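As the structure is a prediction and not an experimental result, all values here were calculated from the model. Proteins get letters first, then strands, A, B, ... in listed order; numbering begins at 1 in each. Only heavy atoms go into these numbers, but all of them, side chains included; no hydrogens, no water, no symmetry mates.
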2 protein chains.
Amino acid sequence: MVYSRLMAVDRDHVLRSAAALLTRKSTATMDEVARAAGISRATLHRHFAGRDALVRALEALGIAECEAALEAARPEEGPAEDAVRRLVAAVEPQAGLLAFLYSENQLFEGEEQNEGWTRIDERIADLFRRGQESGEFRIDLTPAWLTEALYGLLASAAWAVAEGRVAPKDFTRMVVELLLGGTRRRTGSAPREHQRNES
Amino acid sequence: MVYSRLMAVDRDHVLRSAAALLTRKSTATMDEVARAAGISRATLHRHFAGRDALVRALEALGIAECEAALEAARPEEGPAEDAVRRLVAAVEPQAGLLAFLYSENQLFEGEEQNEGWTRIDERIADLFRRGQESGEFRIDLTPAWLTEALYGLLASAAWAVAEGRVAPKDFTRMVVELLLGGTRRRTGSAPREHQRNES
DNA sequence: CCCGAGTGAGACATGAATATCTCACATGGT
DNA sequence: ACCATGTGAGATATTCATGTCTCACTCGGG
């Protein structure tokens with residue numbers, strides 16, 4: 001019996017479609033989640049003890065994806081600006097899930113947040129700090145705020161894309177350009193080229 | 001009998017404390033909302049037919065506050081950059097309520113959103129568009145995205161302040177500086193002074 | 001061919017939040 | 001002192017999502 005492996009595959013598929021659905025409708029019912037995954041409510045409950053367990057599993061998935069994105073982006077290599085670009089590009093596919101977890105976190109209110117997020121927060125803050133120390137980034141905005149702002153922009157962009165307000169293909173460029181360059185037009189030097197989307 | 005005027009005052013007070021509570025705990029129960037306002041469930045129900053009506057009233061309040069802030073900020077006067085600073089400063093007191101409504105809007109999913117938001121969106125987008133046409137702002141980010149990003153940064157900042165991650169006094173500066181100037185350090189010209197908080 | 005694991009469909013109970021109602025009490029005006 | 005209005009507290013009903021259970025079905029392996 002290879003049921004354990006089959007379960008794992010199914011579980012992952014359920015998790016993915018749940019993430020996709022809850023991204024759009026964060027109050028979706030367990031029945032809706034099940035139908036979205038193409039299974040019945042009973043089977044969904046066989047995979048996840050309850051809604052809480054499902055959200056926890058989604059949180060674990062989000063953390064794992066974020067850490068994978070951080071790994072792929074190599075945040076401590078090269079210019080900090082390029083590292084930020086790599087990071088946003090790598091995390092873009094998970095932006096919807098991130099936005100869901102981001103707002104869901106507000107509901108955990110009293111409880112301590114998963115330490116996985118703390119680790120990720122610190123790695124991202126380290127990236128901004130590195131950019132400040134190298135002179136690339138301004139030093140009058142704290143790394144903690146820049147990290148928080150990155151999350152906020154990712155969530156905003158994911159939502160704006162879902163609403164059809166902006167084109168999906170512009171996602172990474174919009175987030176990165178606003179985060180790094182801001183709204184103000186560059187006056188002193190020629191604007192940096194920003195068409196390259198990755199690498 | 002002046003009960004109609006008294007009701008109005010009470011209703012506003014209830015609305016304010018409900019906004020303050022739901023800003024912190026968006027899933028607060030009707031009973032918690034009532035207690036936070038210092039009244040009983042029954043009285044709360046006498047003011048608002050149900051939770052839905054309460055949220056609608058909060059939405060109306062948020063829209064009114066936003067329009068008042070827009071009015072006070074005079075977005076079409078002077079340099080666009082200064083207008084953005086005035087706008088963020090004027091809207092700061094309502095950032096928590098805005099963040100709550102911003103996430104709550106995702107639940108209205110299918111329904112059309114209140115046209116009040118559309119009006120506000122357009123006025124803010126017009127401000128960014130004006131800055132682009134005057135040459136102050138870069139033109140490679142759409143006004144719609146800049147508007148969306150402003151909402152996201154306001155919500156992020158409100159949440160970060162509530163979590164104690166950043167100091168409340170830095171709120172406006174953080175949002176404005178990141179939105180306008182971005183993370184990147186200015187190289188060509190000396191960084192613009194940004195200590196003036198208002199006017 | 002048979003057996004069993006996994007599944008879907010549905011019944012059923014539980015719990016939470018909501019919505020409605022009643023009743024006693026306090027307060028303010030006459 | 002009396003009365004009316006608004007209120008708080010509690011009881012009750014309803015709704016809805018959740019969690020648990022049963023049972024029949026199917027598909028794949030032995």
Side-chain angles (χ1 to χ4, degrees), chain A residues 1-60 100-101 103-104 106-111, chain B residues 1-60 100-101 103-104 106-111:
Chain A
M1 263 317 148
V2 282
Y3 57 88
S4 69
R5 182 175 306 224
L6 287 175
M7 293 268 294
V9 170
D10 258 352
R11 188 186 142 102
D12 189 74
H13 167 243
V14 171
L15 225 38
R16 299 283 172 182
S17 48
L21 173 61
L22 290 172
T23 288
R24 297 192 306 272
K25 186 181 179 185
S26 59
T27 59
T29 203
M30 289 294 276
D31 192 85
E32 293 174 288
V33 171
R35 290 183 186 285
I39 61 176
S40 72
R41 211 159 48 94
T43 305
L44 178 60
H45 269 281
R46 285 180 192 113
H47 285 311
F48 305 98
R51 187 189 184 78
D52 199 61
L54 175 64
V55 173
R56 300 288 177 168
L58 281 172
E59 188 178 29
F100 163 70
L101 294 173
S103 60
E104 197 77 3
Q106 300 181 351
L107 309 188
F108 289 171
E109 227 205 331
E111 321 170 25
Chain B
M1 261 322 148
V2 282
Y3 58 85
S4 68
R5 180 176 309 223
L6 288 176
M7 293 269 294
V9 170
D10 258 352
R11 186 187 144 103
D12 189 73
H13 167 244
V14 171
L15 224 38
R16 299 282 173 183
S17 48
L21 173 61
L22 290 172
T23 287
R24 296 193 306 272
K25 186 181 178 184
S26 59
T27 59
T29 203
M30 290 293 276
D31 190 89
E32 294 174 288
V33 171
R35 290 184 185 282
I39 60 176
S40 70
R41 280 192 310 281
T43 305
L44 179 59
H45 268 281
R46 285 181 192 114
H47 284 311
F48 305 98
R51 186 187 185 79
D52 199 61
L54 175 63
V55 173
R56 300 288 178 170
L58 281 171
E59 189 179 27
F100 164 69
L101 294 172
S103 61
E104 198 77 2
Q106 301 180 352
L107 310 188
F108 289 170
E109 227 205 332
E111 321 169 26

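A:Arg46 places its CZ atom 12 Å from the P atom of C:dA9, with the value rounded to the nearest Å. Taking atom NZ of B:Lys25 as the reference point, atom C1' of C:dA17 lies 12 Å away to the nearest angstrom. For the pair B:His45 NE2 and D:dG10 P, the computed distance is 16 Å after rounding to whole Å. Computed from coordinates, the A:Asp10 CG to C:dT7 P distance equals 6 Å when rounded to whole Å. As rounded to whole Å, 17 Å separates atom C1' of C:dG6 from atom NE2 of A:His13. B:Leu22 places its CG atom 14 Å from the P atom of C:dA17, with the value rounded to the nearest Å. Between the CG atom of B:Leu54 and the P atom of C:dT18 there is a distance of 10 Å, given to the nearest Å. C:dG15 atom P lies 17 Å from atom CG of A:Asp52, rounded to whole Å.
Of all the heavy atoms in A:Ala57 and A:Phe48, the pair that sits closest is CB-CE2, 3.6 Å. Residues A:Arg11 and A:His47 share a closest heavy-atom pair of NH1-O, 3.8 Å. Between B:Thr23 and B:Phe100, the closest heavy-atom pair is CA-CB, 4.4 Å. The heavy-atom pair separating B:Ala36 from B:Ser17 by the smallest distance is O-CB, 4.0 Å. Closest non-hydrogen pair, A:Glu104 versus A:Val55, comes out as CG-CG1, 4.1 Å.
The environment of CZ in A:Arg51 is crowded: more than 12 heavy-atom neighbours from other residues, nucleotides or ligands sit within 6.0 Å.
If B:Arg51 and B:Ala42 are placed on DNA chain C by their nearest nucleotide, the residue sitting closer to the 5' end is B:Arg51.
OP1 and OP2 of C:dA16 both lie 4.0 Å or more from every side-chain N or O belonging to B:Thr29.
Set against C:dA19, D:dT7, C:dT7, the side chain of B:Thr43 has D:dT7 as its closest nucleotide.
For A:Arg41, there are no side chain to side chain donor-acceptor pair (under 3.5 Å) partners at least two apart in sequence or on another chain.
Scanning residues 31-40 of chain B for heavy-atom distances under 4.0 Å to DNA chain D yields B:Gly38, B:Ile39, B:Ser40.
For A:Arg41 and C:dG8, a side-chain-to-base donor-acceptor distance below 3.5 Å is absent, hydrogens and geometry of angles not being considered.
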